[in-house]
Protein chains: 2
Amino acid sequence: MVTIESVDELERMLKVLSNPIRLKIIASLQGQPNHAYALAKQLGLSYPLAHLYLESLEHVGLIEGSRVLSIEDERERILYRLKDFRVELTPEFISKLVNSGGHN
Amino acid sequence: MVTIESVDELERMLKVLSNPIRLKIIASLQGQPNHAYALAKQLGLSYPLAHLYLESLEHVGLIEGSRVLSIEDERERILYRLKDFRVELTPEFISKLVNSGGHN
DNA sequence: CACATATATAAAGAAACTCTTATATATCAA
DNA sequence: TTGATATATAAGAGTTTCTTTATATATGTG
């Protein structure tokens, strides 16, 4: 489960989430795990953009890529899965993070 | 209570929240409502920046400014209060918004 | 071999965001 | 009338984000 323990971490995650395309990617991966190339086609994105965005989503821990062997052609591919996350944005939570000093 | 009903709205709110100074402002206002000038001094910000950020926080509905008459000097000032909000970022919530078509 | 699939990365311009400085107005106190 | 308080807005520089185009590599198919 994804946890946030500093303002810095929260900021990075919110920055990644505050983009309509990346939200679309999350919604799509919630339906089913997918590969970068297939996802790009499905959402009408260029592959480089999809790759970049998947990378940024992975960096903040919202998705996870794993090398899997395709049954069809035996080639290794990276399958991206959505991680289970629940971030509750409330005044209390934000205050707690801000007042915990910035580090952690 | 603050509610989010579209991807657009979510995106705007997350963009405003994904900034350490604006998170600090929220944490400060959670402790007590305050005026722009006093808040700027307290957090070590320039007044224009504090004003700008309070405005953006107000635009997405996270805080609320109201003209109040100061008891001390009888001058009208704008007091900013934190609104009660609870935004739960989960795969389900994001999917719901994305699949609701973008409008609403 | 040319083409589609599949991944990865770099370069570059456009757009947006960040933040300060400057300007303006108004009140109150020393 | 000078200085601190208080609000508001604009202009501009600097930084970051956004997104495409280009380049590279590798595999499998017609």
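Quantities reported herein were computed from a predicted structural model and do not represent experimental measurements. Note: hydrogens, waters and symmetry copies are ignored here, and every other heavy atom, side chains too, is used.
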Sequence-distant partners of [X], side chain to side chain donor-acceptor pair (under 3.5 Å), two or more places apart:
X	answer
Arg81(B)	none
Ser18(A)	none
Lys15(B)	Glu11(B)

Q) Who passes salt bridge (Lys or Arg N to Asp or Glu O under 4.0 Å) against Arg22(B), sequence neighbours left out? A) none
**Q.** Residues touching DNA chain D, which here means a heavy atom under 4.0 Å, drawn from residues 13-25 of chain A
**A.** Lys15(A), Asn19(A), Ile21(A), Arg22(A)
Q. Can you list, by residue number, the residues of residues 36-60 of chain B that have a non-hydrogen atom closer than 4.0 angstrom to DNA chain D?
A.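 Contacts with DNA chain D under 4.0 Å: Ala36(B), Tyr37(B), Lys41(B), Tyr47(B), Pro48(B), His51(B), Glu55(B).
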Q. If only side-chain N and O atoms of His35(B) are considered, is one of them under 4.0 Å from the OP1 or OP2 phosphate oxygen of dA6(D)?
A. no
Atom [atom1] of [X] and atom [atom2] of [N]: how far apart are they, to the nearest Å?
X	N	atom1	atom2	value
Arg12(B)	dC17(C)	CZ	P	11 Å
Asn34(A)	dT7(C)	CG	P	9 Å
Glu11(B)	dA15(C)	CD	C1'	14 Å

Q. By the rule that ILVMFWY residues connect when side-chain heavy atoms come within less than 4.5 angstrom, directly or transitively, which residues belong alongside Tyr37(B)?
A.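 Under the 4.5 Å side-chain rule, Tyr37(B) groups with Tyr47(B).
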Q: Measure across Glu9(A) and Thr3(A) and return the closest heavy-atom pair with its distance rounded to 0.1 Å.
A: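 Heavy-atom minimum between the residues: OE2-O, 3.0 Å.
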Check: residues 24-32 of chain B side-chain donor-acceptor pairs under 3.5 Å, at least two apart:
unit_1	atom_1	unit_2	atom_2	d
Ser28(B)	OG	Gln42(B)	OE1	3.0
Gln30(B)	OE1	Ser95(A)	OG	2.8

Would you give me the side-chain donor-acceptor pairs under 3.5 Å for residues 55-63 of chain A, sequence neighbours excluded?
unit_1	atom_1	unit_2	atom_2	d
Ser56(A)	OG	Tyr53(A)	O	2.9
Glu58(A)	OE2	Gly65(A)	N	2.9

